[in-house]
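In what follows, residues are counted from 1 in the order of the sequence shown.
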Amino acid sequence: MQVEYIGAFNIVLGVLARFWPVWVGLAIVMGASFLYKKKLGLYGQLFDSGVGIVGVGICLFWLFTAIFASTVAPFDPLSQVPIMKDALPGAIEPKSGLIYLFGGDKLARDVFSRMVYGSQIVLIIAPAATGFALMVGITLGLPAGYYGGKIDTVLSFLANLVLAFPVILLFYLLVTPGIMETPIPYGLAGIFFLFPIIFFSVLFWTRYKNRPDRLYILLGLTLILGGWVYAGLVFDKDPLKIIHIDPNQLNIFVAVVFASSPGVFRIVRGLVMDIKTRDYVAAAQTRGESPWYIMLWEILPNARGPLIVDACLRIGYTTILLGTLGYFGLGLAPESPDWGTAIKDASRLLRSFIHPALPPTIALMSFVLGLNLLADSLREQSMKD
């Protein structure tokens, strides 16, 4: 049975057609954002500059690609069709008549489908791990910068101790397969995943302690939802079987949070040391507000600009790091469609076949570019504020 091919123009049209739900989602969200940008605060201000529009567009493109991956991708990312091994772009699969738009890899898997499904892994791990790192860094950085003294000395020493480790070596130690046989990843996960629960509990307590009707509802929701997510992520005991994370992904998740938290801590600490000297902080102290109320409701909102910018840059950095780990075969399973693993598999045959390496490389580059453009636009808007 001989494999037939379509031309380059038809390949381009085929790729554009496969992304139809992404184009629909982009049109709806971008159109609504333009229409109501004056009511959308900082997000709406992004649409006042070309850099912000491009950054938002790229990030939304990959977000919708991850959401609609099962519709966009014509094949399962792990399915193999022997005749399509190392097939060139545009090859027509004989049985189904579907097209390997970007060709096949050395294991006869569709490169286009693996690139599409790879976006799900990146957009789950990178933003979520960055979010938890922010929770840890903010929760520890606020008291270190506000109180100073021994609290600052101890927490800063611990942060500097982690930062003193070479990043690649640190990740190599934390994501090697043997580490999963020890209680270290689960112990660290148990500690890190407590921070969001602690943060939001203290946040609501300081704000609504004089309004028990609202306080008890918010605290109850925080403890119930937080405990549900905590049980699913740390112990894999979600009674509804919704919250689940594979051991390999948990390993990477914990490693990213552990390595990123000290950087967030130092940023928050520096911002707090500057902001706590402002007049509105002195006014809150004069009113008799508690220290944690001042930290969470007076200082933190005024530090949101730099923290949002840092979060965007940190997600991009985490994405590159995930690609690097995948390239070295660390963390995720060998058959994973994540972009780093796909680049590693394709790099071994670059002299013979270059087409399997290009899609995941361009996908990784474009997503990080979108995050960097988004961060640049956010930085400009925060400086204006």
Side-chain angles (χ1 to χ4, degrees), residues 42 129-167 170 187-210 215 218-219 222 226 254-315 317-318 375 378-379 382-383 385:
L42 182 60
T130 302
F132 275 93
L134 283 172
M135 289 287 98
V136 176
I138 290 172
T139 305
L140 298 178
L142 286 172
Y146 187 82
Y147 289 115
K150 292 183 179 179
I151 294 176
D152 183 24
T153 301
V154 173
L155 293 177
S156 295
F157 173 78
L158 295 175
N160 292 331
L161 191 64
V162 177
L163 292 172
F165 249 79
V167 176
L170 180 63
L188 290 175
I191 295 172
F192 291 147
F193 294 165
L194 279 175
F195 277 87
I197 301 175
I198 296 172
F199 175 85
F200 285 105
S201 296
V202 176
L203 183 75
F204 295 139
W205 171 263
T206 54
R207 184 71 172 184
Y208 301 109
K209 61 183 179 181
N210 295 323
L215 174 64
L218 293 174
L219 281 180
T222 300
V254 169
V256 171
V257 176
F258 183 77
S260 299
S261 299
V264 178
F265 166 83
R266 294 184 68 176
I267 293 173
V268 173
R269 172 182 174 273
L271 289 170
V272 173
M273 292 178 69
D274 174 48
I275 296 175
K276 73 177 184 179
T277 61
R278 307 289 174 84
D279 291 339
Y280 52 83
V281 174
Q285 293 171 339
T286 304
R287 293 198 308 268
E289 304 289 359
S290 67
W292 275 101
Y293 177 91
I294 295 172
M295 284 185 266
L296 292 171
W297 294 100
E298 298 289 346
I299 295 177
L300 186 59
N302 289 284
R304 69 184 185 278
L307 289 177
I308 293 172
V309 173
D310 177 73
C312 292
L313 294 174
R314 204 167 289 277
I315 292 173
Y317 169 75
T318 302
L378 287 169
R379 185 185 296 113
S382 63
M383 290 177 65
D385 293 340

Once you round to the nearest 0.5 Å, how far does [atom1] of [X] lie from [atom2] of [Y]?
X      : Y      : atom1 : atom2 : value
Leu163 : Phe265 : CG    : CZ    : 9.5 Å
Phe204 : Thr222 : CZ    : OG1   : 4.5 Å
Ile308 : Leu378 : CD1   : CG    : 6.5 Å
Arg266 : Asp310 : CZ    : CG    : 12.5 Å
Leu300 : Trp292 : CG    : CH2   : 10.0 Å
Ile267 : Arg269 : CD1   : CZ    : 12.5 Å

Is it true that a side-chain atom of [X] and a backbone atom of [Y] form a donor plus acceptor pair closer than 3.5 Å?
X      : Y      : result
Asn302 : Glu298 : yes
Trp297 : Leu203 : yes
Ser156 : Thr153 : no

Using a 6.0 Å cut-off, check whether atom [atom1] of [X] has over 12 heavy atoms from anything other than its own residue.
X      : atom1 : answer
Arg207 : CZ    : yes
Phe165 : CZ    : no
Trp205 : CH2   : no

Identify the heavy atoms of [X] and [Y] that sit nearest to each other, and give their distance.
X      : Y      : answer
Arg379 : Leu313 : NH2-CD1, 3.7 Å
Lys276 : Gly145 : NZ-O, 3.0 Å
Ala144 : Asp152 : O-CB, 3.3 Å
Gly263 : Arg314 : C-NH2, 3.9 Å
Ala311 : Thr130 : O-CG2, 3.9 Å

May I ask you to test the [X]-[Y] pair for a side-chain heavy-atom distance under 4.5 Å?
X      : Y      : result
Leu307 : Ile138 : yes
Tyr147 : Val272 : no
Leu140 : Phe195 : yes
Val202 : Met295 : no

Kindly state whether the ring of Phe132 and the ring of Phe193 have centres lying under 6.0 angstrom apart.
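Yes, ring centres under 6.0 Å apart.
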With side chain to side chain contact (heavy atoms under 4.5 Å, CB included) as the test, pick out the partner of Val136 among Pro196, Pro262, Ser261.
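It is Ser261; the other options fail the test.
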Check each of Val264, Thr139, Val257, Val268 against Leu134 using the side chain to side chain contact (heavy atoms under 4.5 Å, CB included) test, and report the only one that passes.
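The passing option is Val264.
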Which word best sums up how the rings of Phe258 and Phe192 line up, parallel for under 30°, tilted for 30 to 60°, or perpendicular for over 60°?
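Plane angle between 30° and 60°, so tilted.
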